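Beneath this line is the structure, given in structure tokens, with notes to follow.
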Amino acid sequence: MNEISSAALIELSLNLTKSLTSNDRFDNLLSTIRKAITCEAVAVLAVKGEYLVPLALQGLSKDTLGRRFVIAEHPRLTKICQSEKFVRFPSNCPLPDPYDGLLIAHDGDLPIHSCMGIPLHFEDRLIGILTLDSLIPELFDNIPERTLELITAMASVSLNTALTLEQLERNIDHSNQVVAALSQPNVVSEQNELIGQSAKMIHLKKEITLVASSHYNVLIQGESGSGKELVAHDIHQQSSRNTLPIVYVNCAALPDNLIESELFGHVKGAFTGADKNRAGKFVIADGGTLFLDEVGELPLAAQSKLLRAIQSNEIQAVGQDKLITVDVRIIAATNRNLQNEVEKGNFRADLFHRLNVYPIEVPPLRERAGDIALLTGFFIEKTKRKLGIKQLKTSPDVIEYLSAYHWPGNIRELEHLLSRAALKAFAKQKNKAVVKITLCDCDNLSNEFFNQNRTTLQEKTKIIAESSVQSSMNLRHEVDEFQKMLISKVLTEEKGSWSMAAKRLNTDRANLNRLAKRLGISVIKTVA
């Protein structure tokens with residue numbers, strides 16, 4: 001029986017108050033409620049526009065934290081959000097349960113069970129919901145309505161207070177960082193990204209919040225596929241320029257003869273093919289943010305023109321004498337080490353320093369300990385909607401398997417692998433309400449990757465053990481030389497096929513092309 005005494009309600013109220021001072025306040029909120037109401041699973045989700053975002057959960061798989069539930073796509077969640085008070089779903093309710101297959105206590109389709117949802121309002125505004133599930137049918141039916149009303153009121157106030165405290169703590173932390181930054185103007189940021197709870201992820205969020213409020217130019221560096229564009233957009237969204245556009249420019253895709261026109265615009269007749277006036281990206285981004293992706297790929301001639309525009313805040317369209325004043329914040333991104341490129345003479349030092357006012361380093365996925373599960377949940381929820389699957393989950397060993405891989409293609413590679421795995425799993429389980437991704441669906445990373453890397457590691461260890469290390473050497477240079485030798489060898493063996501070489505090296509073809517270009521590897525023609 002789930003009857004609750006007056007003493008239990010008083011204890012619930014006291015425990016809720018105590019939990020607010022804890023760093024784990026959302027989890028403590030659930031633990032406190034779970035003491036009053038027996039259940040196998042409980043979750044608190046915050047309303048973020050059209051989504052419900054899990055803040056904390058108990059009794060559900062960890063990847064559920066990474067999911068973003070579109071309210072309109074889940075009838076039960078919609079009903080809870082639209083209700084003025086708690087909703088008890090009958091055991092034979094035909095509406096699909098958003099947690100099917102996600103309860104730790106049960107694997108596969110959920111049997112007949114109890115399900116209850118509590119909308120949490122504050123000042124007539126829906127701020128979140130509380131969901132409770134039990135494998136015992138009709139378990140919640142005996143809880144008096146007055147008791148549930150009291151729990152709803154206490155949980156609503158507690159959630160609002162917890163959210164407010166969290167925001168205040170972020171603001172205080174932000175203020176402290178601003179003071180520190182002003183005291184030490186040359187502080188260098190170094191860390192990382194958005195879905196996830198790893199230490200580097202938390203640090204990156206703080207860095208983004210800190211620099212977003214300023215008007216500094218930002219240089220984002222990191223490997224391909226690590227999420228640099230997402231970081232740029234987040235900086236813009238948190239800045240005072242967010243009502244105006246963030247304009248994207250892929251510097252690597254610009255033909256040399258059109259770079260100036262693309263950035264600064266041109267007037268009709270300026271060159272062959274210029275049949276009308278065209279505004280450049282600087283003018284379009286006026287008042288907002290200009291995101292220069294792959295900025296390290298710009299040729300030196302274009303770099304000098306970009307430098308003049310950043311220095312003077314003035315641009316000149318091709319074929320026009322008039323100068324145009326613009327107010328643009330520059331966020332640049334690159335997978336190259338621009339400091340090294342400056343030393344090699346491939347990138348202008350003065351432009352580098354103009355861009356590198358506030359550097360942000362996005363770490364590779366392999367360094368984000370513990371984030372694989374949350375990212376997996378995020379991507380399979382996204383894939384589930386694309387494929388029209390009612391519920392999609394992974395078997396427990398899949399997360400372990402994915403966590404052991406080194407992800408040379410980073411988050412992009414993880415997303416693509418999960419998309420393929422979901423498609424394979426769906427093809428084999430079309431008639432099932434809950435489609436489960438297993439190891440068999442996740443390509444053949446395990447044997448191929450782990451065996452290859454074991455052999456490679458043994459070979460490298462033997463080489464290092466049998467050779468003498470010079471008293472002084474450049475680590476980056478040695479790594480580059482090894483990569484150059486390895487890529488050239490594989491390309492030769494694959495008769496110049498970049499696709500086959502990328503497959504053998506377990507990397508994305510575009511990433512391999514860019515790396516080869518940086519290393520100066522000549523294009524090997526395919527042998528007929």
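The model shown is predicted, which means the values in this text are computed figures rather than measured ones.
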Salt bridge (Lys or Arg N to Asp or Glu O under 4.0 Å) against R68, all qualifying residues, sequence neighbours excluded: none

D327/R241 ion pair, N-O < 4.0 Å: yes

Polar side-chain atom of S261 near backbone of L258 as donor-acceptor pair, under 3.5 Å: no

Q303 side chain to L298 backbone, donor-acceptor under 3.5 Å: yes

N/O donor-acceptor pair under 3.5 Å between R329 side chain and Y216 backbone: yes

Between CG on residue L351 and CG on residue L338, distance to nearest 0.5 Å: 8.5 Å

Qualifying ring-ring contact (aromatic ring centres under 6.0 Å, His included) pairs with a residue from residues 219-260, counting only residues at least two apart or across chains: Y248-F291

Option among I411, N410, V231 that satisfies the side chain to side chain contact (heavy atoms under 4.5 Å, CB included) test with V362: V231

I127 vs H121, side-chain contact (heavy atoms from CB on, under 4.5 Å): CA-CA, chis, key distance, verdict: CA-CA 6 Å; I127 59 173; H121 295 89; over 6 Å; no

Derivation and outcome, side-chain contact (heavy atoms from CB on, under 4.5 Å), residues F122 and L159: CA-CA 9 Å; F122 190 82; L159 176 60; over 6 Å; no

Main-chain N/O of L254 paired with E262 side-chain donor or acceptor, under 3.5 Å: no

Distance, nearest 0.5 Å, that separates CD1 of I331 from CG of L355: 11.5 Å

T164 vs T161, side-chain hydrogen bond (donor to acceptor under 3.5 Å, both in side chains): CA-CA, chis, key distance, verdict: CA-CA 5 Å; T164 302; T161 305; over 6 Å; no

Rounded distance [0.5 Å steps], OG1 in T289 versus CG in N242: 9.0 Å

Candidate list L120, N160, V47, test side chain to side chain contact (heavy atoms under 4.5 Å, CB included), partner R125, passing option: N160

Salt bridge E381-K384, side-chain N to carboxylate O under 4.0 Å: yes

Sidechain-backbone polar pair: S214 side chain, V211 backbone, donor-acceptor under 3.5 Å: yes

I129 side, atom CD1; K79 side, atom NZ - distance, nearest 0.5 Å: 13.5 Å

Check: F264 ring centroid to F282 ring centroid under 6.0 Å: yes

Under 3.5 Å donor-acceptor, N217 side chain and R354 backbone: yes

Lys/Arg-Asp/Glu bridge criterion (N-O < 4.0 Å) met for R308, E314: no

Matching residue for R336 among E294, E297, E343 - test: salt bridge (Lys or Arg N to Asp or Glu O under 4.0 Å): E297

Under 3.5 Å donor-acceptor, S226 side chain and E223 backbone: yes

Expected output: side-chain W407 to main-chain R412 donor-acceptor under 3.5 Å: no

Under 3.5 Å donor-acceptor, K228 side chain and G222 backbone: yes

Residues K390, E73: salt bridge by 4.0 Å N-O rule: no

CA sep, side-chain torsions, deciding dist, call: E207, Y358, side-chain contact (heavy atoms from CB on, under 4.5 Å): CA-CA 10 Å; E207 291 290 277; Y358 201 96; 3.1 Å; yes

Derivation of the side-chain contact (heavy atoms from CB on, under 4.5 Å) call for I195 and D371: CA-CA 8 Å; I195 293 291; D371 283 349; over 6 Å; no

Stepwise side-chain hydrogen bond (donor to acceptor under 3.5 Å, both in side chains) test for S213 and Q238: CA-CA 7 Å; S213 60; Q238 293 188 43; over 6 Å; no

Main-chain N/O of L60 paired with T64 side-chain donor or acceptor, under 3.5 Å: no

